[in-house]
2 protein chains.
Amino acid sequence: MPKQSPATSKAQAKLKAPAAKRPASQAQAPVFNARIVGINYDILEELTGYAVRRAQLSIYADFTASLGAYDITPQRFSSLVIISNNPGISQTRLAEVMGIARSGVVAIIDNFEQAGLLERQDAGDRRAYNLHLTKEGQRQLEKYKQAVKEHDDRVSQQLTIKERQQLRALLGKLCIESK
Amino acid sequence: MPKQSPATSKAQAKLKAPAAKRPASQAQAPVFNARIVGINYDILEELTGYAVRRAQLSIYADFTASLGAYDITPQRFSSLVIISNNPGISQTRLAEVMGIARSGVVAIIDNFEQAGLLERQDAGDRRAYNLHLTKEGQRQLEKYKQAVKEHDDRVSQQLTIKERQQLRALLGKLCIESK
DNA sequence: TATTGTTATACTCTATAACTATA
DNA sequence: TATAGTTATAGAGTATAACAATA
């Protein structure tokens, strides 16, 4: 096995707590107002990257506010969806899909495993694991999905269905080299 | 003065180094491939938030790769642009505009001040500072702007000018409550 | 009392590198 | 030698809370 057995130290690894909502005592905090009146944004107004970043921060804020009840983040949610729909995927492959380092997925998987949402199953290769959601994991994921859909709909509510598709299509064309 | 004079300990505060480019020895790293063949993304394909997040990560990666020569980040760049176009702005106001905590701007400003790019000038209110770019700061900013424009153009190269405007418009409509 | 800038502290995310057990 | 998972470590980012100076 990959250095230590799944049933032992792995799942017992230190894992960060859910990170509960903190009350903003003095409100010196993270509300990324879309655009502040009286401020000149100059070139920022014309940059695709700036627009994307602003949107991303706003969406992220809404996500955490909406899903605060669950111990989930966009990153963790994506992991579950990927594993659910690509059962048996390895950690290295998952890291590749998620665009993060292999070391990063360890904590994510540890956390889910300890919560009973997934299992590291034997792969043919004894160095690797096949990741699978448990029944409980699948059940939880369905709940998350529902909540995420609601969040995403709320966030996109000013756009028609057509516009949302259009937006995704445009975003999908970014960062593509013409060569 | 706000607890300590600008000329003394403030600018001398610890500031993080430029964070030079690191060679990916084993390439277990951060290349967020737009979409990986053979992977089922399920619901993620339909989420506005996911599309925005992917785009943001790709753009960020291109930004750091493109601007690696300069000691700048999207965050720092935005700060300079805002200060340049809103001279005399206070740190608290800047924090508000940037959507981060006041404590966060201190390090940013310290860094710029030590680099000679900006000055904390006296405000009428002796608790506050008026932020101004120095001549050198203005000069540097122009260079950054040029590089950022090129980066943003490259990132958006698959979109027509019209589509870019369209994209920004759509992004700007996100996260708006209809009430 | 309230506000500005500051500091101290802590937590999250994620990277690199080295290590282990396999292959 | 190369690969999968793991660990140790470190750095960036950013938050909260408390504090000094000032309003």
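Chain A is the first sequence line, chain B the second, and so forth, proteins listed ahead of strands; every chain is numbered from 1.
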Between C1' of C:dT4 and CD of B:E96, the distance in whole Å: 13 Å
Whole-Å gap separating C1' (D:dA15) and CE (B:M98): 15 Å
Atom-to-atom span, CD1 of B:I89 to P of C:dG5 - whole angstrom: 10 Å
Side chain of A:T92 - closest among D:dT14, C:dG5, D:dA4: D:dA4
Interatomic distance, A:Q121 CD vs D:dA4 C1' [rounded to whole Å]: 17 Å
Heavy-atom closest contact (A:A123 atom, A:N130 atom, distance): CB-OD1, 3.5 Å
Phosphate OP1/OP2 of D:dT14: any B:Q75 side-chain N/O under 4.0 Å: yes
hbond_proxy B:S103 side chain to D:dT14 base (donor-acceptor, 3.5 Å cutoff): no
Given DNA chain C, 5'-ward residue of the pair A:Y60 and B:G104, judged by closest heavy atom: B:G104
Between D:dT22 (C1') and B:D122 (CG): distance, integer Å: 14 Å
Closest non-hydrogen atom pair between B:D42 and B:N40, with its separation: N-OD1, 2.8 Å
Closest contact, heavy atoms only, A:I36 versus B:E96: CD1-O, 3.6 Å
Heavy-atom closest pair, residues B:T73 and B:F63: C-CE2, 3.5 Å
Selected nucleotide, minimal atom distance to A:A128 side chain, candidates C:dG5, C:dT22, D:dG5: D:dG5
Rounded distance (Å) that lies between atom C1' of C:dT7 and atom CD1 of B:I109: 16 Å
Between C:dC13 (C1') and A:L57 (CG): distance, integer Å: 15 Å
Interatomic distance, B:L118 CG vs C:dG5 P [rounded to whole Å]: 13 Å
Residue B:R127, side-chain heavy atoms: nucleotide from C:dA2, C:dC13, D:dT7 that is nearest: C:dA2
Nearest-neighbour nucleotide for the B:R102 side chain, C:dT4, D:dG13, D:dA4 considered: C:dT4
Closest-nucleotide 5' rank along DNA chain C - winner of A:R76 and A:D125: A:R76
A:Y60 six-ring face occupied by B:R53 cation (under 6.0 Å, within 45°): no
